[in-house]
S.K.: 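Before I ask anything, here is the structure I am working with.
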Amino acid sequence: MTDISIEPLPAKPPRNKWLDIWTQLGKHKGAMLGGGFLLFITLGVLFGPYIWTIDPQKIDIRNRDLRPIFTALFDSDAKVRWANPLGTDQLGRDGLANLMAGGRASMAVGWTAMLLTLGIGTIIGVVAGYFKRLDGPLMRLTDLFLSLPILPLLLVAVTLFREPLRASFGPEGGMFILIVSIIGITSWMPTARIVRGDVLALKEREFVLAARSIGTTQTNMIKRHILPNVLSPIMVSATLGLATAIITESALSFLGVGFPSDFPTWGKMLADAVDRMENFPERVLWPGLAISLTVLSVNYLGDGLRDALDPRIRGR
Amino acid sequence: MKLRALLMGAIASTAMAPMAMAERGSDGNVSIIYWQAPSILNPFLSGGTKDVEAASLVIEPLARYDENGTMVPYLASEIPTVENGGVSEDLTTITWKISPGITWSDGSAFTSADVKFTADYCMHPEGGCAQVTKFEGVTSVEAIDDLTVKVTFGGATPFPYGPFVGGESPILQKAQFEQCMGAKAPECTEANFNPLGTGPFVVTEFKPNDVITMKANDNYRDPAKPAFASLTFKGGGDATSAGRAVMETGEFDYAWNLQLAPDVIAKMEEGGKGTPVAGFGPLVERIMLNNTNPDPSLSAEERSVIRPHPFLSDPAVYKAMSMAIDRPLLVEVGYGKAGKVTCNWIPAPAAVNSTTFDCSTQDIAGANKLLDDAGIVDTDGDGIREKDGVPLSLVYQTSTNAVRQDFQALIKQMWSEIGIQSELRNISGSVFFGGDPGSPDTFQKFYADVEMYANTFNGTDPQSYLANGLCDKAPSPASQWQGENISRFCNDEFDALHAELTTTADIAKRAEISKRLNDIIVENGGMIPLVHRGRLSAHANTLGGVVLNVWDSELWNAADWYRKEGS
Amino acid sequence: MLTFTIRRLVLAVPTLLFISLAIFLLLELAPGDPMAQVPLTVPPEVKEKMRLALGLGEPLHVRYWKWIVQFFWIEPQVLIDHYFGTTFAEGKLRVISWQTRSPVMDIVVQRIPQTIWVVGTAYIVGILIAIPIGIYSAYKQYSMFDQAGTFVSMIGFSIPPFFTGPLLIVIFAVHLGWFPSVYDTTHVVNDWESFKLQFRQMILPVMVLALQTTAQISRYMRASMLDNLNQDYVRTARAKGLSEFVVVMVHVLRNSMIPVITVIALGMPAIFGGAIITEVVFKVNGIGQLLITALFANDLPMVQTLTFIFAVLIVLFNLIADILYGVLDPRIRYD
């Protein structure tokens, strides 16, 4: 009995929580693989254009419709050229340069729009679920946004904001801001509803009652008790949101609301290549693979992060 | 009857050339796919090509244009001319003789009262008739007797074949549409969806924006036609999948207007189930040059109103821009056999195609020299030339369309080689071609330096189309931005010559004036014509009798279509 | 719960009226013109006359009021007339589409069968596949099955239908020739043979749509199950000696359904709304295709009516979801 009372103080201070999370994340193979790939693709699109210096918009009409270099292995008649290892498109623009330039735009749009969506969705969801008085108005607002037809909304936004944004940020920068905000404000609603649903249930759990009884403030309650417990649907929303944002961007440029037509993005490359997918399967393959693998790696990273952040799993 | 059909079929299959004139309804079903779905079968209320062409299977005009652009009588017994006395000497009246014995699909007789009624229907001030220009200048339409109609014009009309000629101006049945005049027109849903006609087919079911099913008209004037007993007219989808359904899977017999890149069409043709066919009307893909200043810093009331453009008004600039464009390459990349190089605004009919210009070869060196000689050089070393300190930097807009975006990219590159920079912009067709005065992106407002689109005219007479170059037709805030003179071209010589055209009757002289008008607008910086575009459609290899017609409805001779045996 | 439901239903009326006004104003503000698809050969004066004939000359509030009256007052009368043979709506002007000059609701009714057949089936198939996948993936986290499920569903979700649609057409319609590439909306199912044909023509569009639904719902199902599998109550249930099946399929599943119900309810209105891209690719010509053609043609009465019906369904299904939360977790209270 007395042994317990004289138990010595811990020899070293408790490990930092974030360090713990990091170690746990390191043990998650999927997360490491996903994170590694994400880093690779990000570095690739950021610094690739400095190594592979061909201008993606440069048209070389004599060398159009080139196949990727490896097709020469099984088809000796294929038009290939070492200068364009991934082939060229119907106007002779280099495939590799386009893939990297397209990746810059798609990654930037995807991440920014996804974070914006998550931000708005989570805040509205948590607030609506936690504060009963705000639930009604916020959820009716969500209903309203879900009902608004997107296409007219886009056209209105373009009419009102394109010129001022173009004047202050240039044609591409202005369009970027417009696209990102449009995707952001038209896709936060599912996240908000999902988060709210979970918060409604969490709020009635015993641990919340316990926390409240020891006088936890509202802010702390949300930060320490509610948010960590709705993390997994948010992570799923994030991965799905990234994919949706990249695809939506291409749908926007199809409607003429997106980037200038000679500005490549993965989604647009994919959309443009669909008509020729039988003759030139690689043109759908590269951007399709790039989008899928990016989304997949974000998904694995999200899985790992969720596991690492869950104290019940951590340390097992 | 069945035996006879079998026998005929046997004969047909042994004959070298398949027999077309088997028997009405002997060839089963024919299926047509339009990637734009028809919304209504009354062309007077829509004006959309898809609706006009679908309706042409059911309702017919007095005369049509054939594939060469010459008029052929349909419900009329002959084409009235001054020679045969059908058109009066002073060119103010035209008298149509209806062929005797024609009946509507309900069995009632087709008379001049129906023709007169159609004119009244369309000219009703509250009807919002889409084809009212066909009746421009008409003061009265009289039914002289059951088979004679006289149209009187307010003045001498050298080309009196507007009313009742071509797919846009067919005849409606008086008994059916009598209650649908003017403001009541939209309320007659049943009549608008199932018009009675004299054509080879009658509607059995019309699903708006989706599918139309038709069957052969039992009362059609030629007892041997149509060869098909029924017809399915499917709408919707996109040009690619329509082309596939005809040429690769063989599910459909005819696909309309396949605006696809030539290599895509060629790949589909390898499917071996169908053949693309092309025909050329006066459709020209062109770059319009803004003759006014579109500077965004100007107010809405001044933008694209104040003349001149800071640099596009200089002949050296627009001529160099035209010289720098490699038109054969554009045709090869964008249209293949459905396109031809052209330097003219009016490339067809052949009689009015000017031969003044040659633009079939790209001349970058010549273009650069032209600009250098004009003193438009790069003064600040950024690779872009300046004229009086203003850099030659353009906003180049067009509608969203894969081929147009390829053209934009190519032309941007060609212009960059002569020191002209361009910013590309593409706008959804529904906004670009819509005339909403509230939108900054319509082609009428032209808040850009250059814009690219295609335009054409109906029939074979270009007079009203040439009026698009008249100074007072320029869109401006005062006219709610409506007006056809998109480039705001303004030239006194042009206006005077066009006035002369409206009073000239001699065909050869009219052609001569039309060519000169064409030359003036191209020479003086109204536009840069790029490609003379054809209409490319595809039909199944088993479908016979297809004659692609760009001067009238594509389905103008559906009565003559038949199933090829044994193929 | 009943009072809550009634209160929400009553509250839904002003909400929906406000939404209808918001949609109306948005459509008014959007650039576009019903004459955009009329060829350039038709001169502007004629187009202006056609616009006036459509009623565009009237001021904004008059047109909004007209639509309200037509939609809420005249259309229900038409419905009553249809069922009881009465003549309440005789001679009254219904909501008329600008493209077809015919009553909007007639076309909507015409489109519902093919939309429900294709989009509805795809949604149900998607849910039926997704839920078991989600449960099993979570139960055997990081097993081969889970890894494969994750891989397939993420790839499936990140590849857009404008690519999968044509891809399936090229494979199954062009090269193999198994299924038609064009959906026949006039096809009537009346016997076994015609049902087989209907089944064949539905397979490709249903595959494309179900892939998206499955991917999305199975991800949420899996994540939510994972959250609950480590909860204390699961240990308690196991300790009580309940069978593993009962623990997972009753206790854990019930508590994991909240986000999944939300996602399913959010997707339900889309069954009616159709799937724009897939419908266009396979020419199913359901409500989705109707909406997109109306948008491109700037057929405002059609767009307004469709989006409003859509809004009603959204409000309704979100209410149903809220009620289901209470059923699944009785601790959730709204009053």
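Each chain gets a letter, A, B and so on, in the order the sequences are listed, and its residues count up from 1.
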S.K.: What part of C:Tyr183 gets within 4.5 angstrom of chain B, counting heavy atoms only: side chain, backbone, both, or neither?
M.R.: backbone

S.K.: Do NZ/NE/NH1/NH2 and the carboxylate oxygens of B:Glu248 and B:Lys273 come within less than 4.0 Å?
M.R.: no

S.K.: So what's closer than 4.5 Å to chain C heavy atoms on B:Leu41: side chain, backbone, both or neither?
M.R.: neither

S.K.: For chain C, find which of B:Thr240, B:Asp441, B:Thr232, B:Asn209 contributes the most heavy-atom pairs closer than 4.5 angstrom.
M.R.: B:Asn209

S.K.: By a 4.5 Å heavy-atom criterion (distance strictly below it), what part of B:Cys188 contacts chain C: side chain, backbone, both, or neither?
M.R.: neither

S.K.: What distance separates C:Asp299 CG from C:Leu291 CG, expressed to the nearest 0.5 Å?
M.R.: 10.5 Å

S.K.: May I ask you to name which of B:Ala242, B:Gly237, B:Gly235 has the most heavy-atom pairs under 4.5 Å with chain C?
M.R.: B:Gly237

S.K.: Regarding C:Thr185 and C:Lys283, is there a side-chain donor-to-acceptor distance under 3.5 Å anywhere?
M.R.: no

S.K.: Please look at B:Ser241 and chain C and tell me whether the side chain, the backbone, both or neither of the residue comes under 4.5 angstrom of a heavy atom of that chain.
M.R.: both

S.K.: Top residue by heavy-atom pair count (under 4.5 Å) with chain B, among C:Asp184, C:Ile107, C:Val182?
M.R.: C:Val182

S.K.: Would you find a donor on one side and an acceptor on the other, under 3.5 Å apart, between the side chain of C:Gln212 and the backbone of C:Ile159?
M.R.: yes

S.K.: Do the two ring centres, one from B:Phe135 and one from B:Tyr121, sit under 6.0 Å apart?
M.R.: no

S.K.: Going by atom types only, do B:Tyr465 and B:Thr456 share a side-chain donor-acceptor pair under 3.5 Å?
M.R.: no

S.K.: Between C:Tyr64 and C:Glu28, do the side chains contain an N or O donor and an N or O acceptor separated by less than 3.5 Å?
M.R.: no

S.K.: Name the member of B:Asn192, B:Ile40, B:Asp210 that forms the most heavy-atom pairs with chain C at distances under 4.5 Å.
M.R.: B:Asp210

S.K.: Side chain, backbone, both or neither: which part of C:Arg94 has a heavy atom under 4.5 Å from chain B?
M.R.: neither

S.K.: Pick one of side chain, backbone, both or neither for B:Lys234, based on which atoms fall under 4.5 Å of a heavy atom in chain C.
M.R.: side chain

